[in-house]
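One structure below.
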Number of protein chains: 2
Amino acid sequence: MTTPGRGLHGRVLDSLGPAITAGEYPPGSVLRTDELAKDFEVSRSVMREAVRVLESMHLVESRRRVGVTVRPKAAWNVYDPQVIRWRLAGADRPQQLRSLTVLRSAVEPIAAGLAAKFATAEQCAELTECAIGMVANSRGHKLEAYLVHDVAFHRVILAASGNEMFARLGDVVTEVLAGRTHHEVMFEDPDPAAVTLHVQVAEAVREGDALRAETLTREITVGALQELDILAP
Amino acid sequence: MTTPGRGLHGRVLDSLGPAITAGEYPPGSVLRTDELAKDFEVSRSVMREAVRVLESMHLVESRRRVGVTVRPKAAWNVYDPQVIRWRLAGADRPQQLRSLTVLRSAVEPIAAGLAAKFATAEQCAELTECAIGMVANSRGHKLEAYLVHDVAFHRVILAASGNEMFARLGDVVTEVLAGRTHHEVMFEDPDPAAVTLHVQVAEAVREGDALRAETLTREITVGALQELDILAP
DNA sequence: GGAACCAAAAAGTCAGACTTATATGTCACA
DNA sequence: TGTGACATATAAGTCTGACTTTTTGGTTCC
């Protein structure tokens, strides 16, 4: 999905980042740069660059005479795609999946409404294609192919909303959907009702019916919430 | 609001970051590390650390034999608080304000609904205090004091939602509200209807009425959208 | 015209010396 | 006994220079 280990400092991050988000170094832990450098067998300059990046993610704080302190989870930049990936890969996975799904349930309906208003003809076509692809792979244990179209569908919706911040959630949604299919139990074919909803959203967007697109998408996300037992009574 | 210029590399960031987000170096521009180091009168190591941070924000990409390339806006980590601050401070301000307000309009109603279910007694009390503070400063050109309570109100809602990702939007909302009051035209007292809505939201949350809290908050955010001429017909 | 090759350019890496801020302990004095 | 000033050790921060590695773009030769 993303470029791992860009350079030496990147490999350090790929190792240190997940360790922190997984709570291996609990908040308040103090690390020392040159000790880390020794542990990871890299020069101090490389380790310093890695620490700087972690600092920009608010995962750690570097202070003179003290060291590199791990910050509490509440301070983390939980929207950083890399942090999200690290958390999804570790012990934090369930919580991360829940909060992301709740975020989706807030954002996607609004995005769909905006998409109905602002989507280009090309995006409408893409959307329809995705919906068709989902239908075509909705039966017969072709989950992999189904997922590809499902992911693409949601990405197009977010991009077509015309809101840059919504658009940037495409990666996040991708991770969530991919995770749901790959890691969770998902032997059966997708819910036919959900497939229909996607087709109908594509319709509504094409017809410029913002309210309908929003409502239908809300139904989709409610389904996603229910899958994770996040009830919305 | 946040710590500016933490160390030498921080000061470089405070200068280079805004320049990039403002489009001073358009996407595709190629910078060279040691040239930058010379320009900013810092050592290469310091400049490298700054570049690493910019890279982690997806503002630039560093490649061997090529240099440091500025990435297109679509790649930027627009959820990074620092990037948001840089954009709000520069030419991108209007667009940034719009997309943030749309994001708010998606997230806050859901957050309010969750808050109605999960807020602690303490948070309910805080919320009521904020609402009272808003009422008390709603007339007589006491906008500064009004704003303080307004901001606090929305932060509590987001925090009380129990969703870590919503909670982290508190800073963002703060920036938006502060910006609206300080930079935009806002001579008159706040809309009395909006004040009432806040009071009612506090009520609904206290009573655990999720649906009402959500609906009322949606009315608040619709108002925010209208202020920016973002119509939602 | 295309494939193999070469050279330059820029980032990447490392090691070592030095500077600076600061937490903490010490000691004198009240 | 408590409090303030001061000294000291510590770890991050900074700078410099040498070296390595990757990659691009041109050049040569078939």
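Hydrogens, waters and symmetry mates are skipped; everything else that's a heavy atom, side chains included, is used. To find a chain, count down the sequence lines: A is the first, B the second, and so on, and within it residues start at 1. Just so it is clear, the structure is predicted and the values come from calculations on it, not from any experiment.
Using a distance-only test at 3.5 Å, with no hydrogens or angles considered, a donor-acceptor pair links the side chain of B/Thr120 to the main chain of B/Gln123.
Using a 3.5 Å distance cut-off with no hydrogens or angles, the side chains of B/Arg168 and A/Asn77 do pair a donor with an acceptor. Between the side chains of B/Glu55 and B/Ser62, no donor-acceptor pair of N or O atoms lies under 3.5 Å. In this model, no donor atom of one side chain and acceptor atom of the other lie less than 3.5 Å apart for A/Thr33 and A/Arg48. There is no side-chain donor-acceptor pair under 3.5 Å between B/Arg63 and B/Thr69.
Heavy-atom neighbours of A/Lys38 NZ from other residues, nucleotides or ligands within 6.0 Å: at or below the threshold of 12.
Here the straight-line distance linking atom CG of A/Asp92 with atom CD of B/Glu164 works out to 7.0 Å at 0.5 Å rounding. In this structure, A/Glu126 CD and A/Ile157 CD1 are separated by 11.0 Å, a value rounded to the nearest 0.5 Å.
Both B/Arg64 and A/Val66 sit near DNA chain C, but only B/Arg64 has its closest nucleotide nearer the 5' end.
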Grab the N/O contacts between the protein and nucleotides 5-10 of chain D below 3.5 Å, and write none if there aren't any.
| unit_1 | atom_1 | unit_2 | atom_2 | d |
| --- | --- | --- | --- | --- |
| D/dA9 | N3 | A/Arg65 | NH1 | 3.0 |

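The aromatic rings of A/Tyr79 and B/Tyr79 sit parallel to each other, their planes meeting at less than 30°, with 60° as the upper class boundary.
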Test side-chain contact (heavy atoms from CB on, under 4.5 Å) on B/Arg206 and B/Leu127 and set out the steps. CA-CA 9 Å; B/Arg206 201 180 332 128; B/Leu127 218 50; over 6 Å; no

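The stretch residues 36-54 of chain A comes close to DNA chain D through A/Arg44, A/Arg48, A/Arg52, each having a heavy atom under 4.0 Å from the strand.
The interatomic distance linking B/His9 (NE2) with D/dG13 (P) rounds to 8 Å, in whole Å.
Taking 4.0 Å as the cutoff to heavy atoms of chain B, we find the contact window on DNA chain C bounded by C/dA8 to C/dT13.
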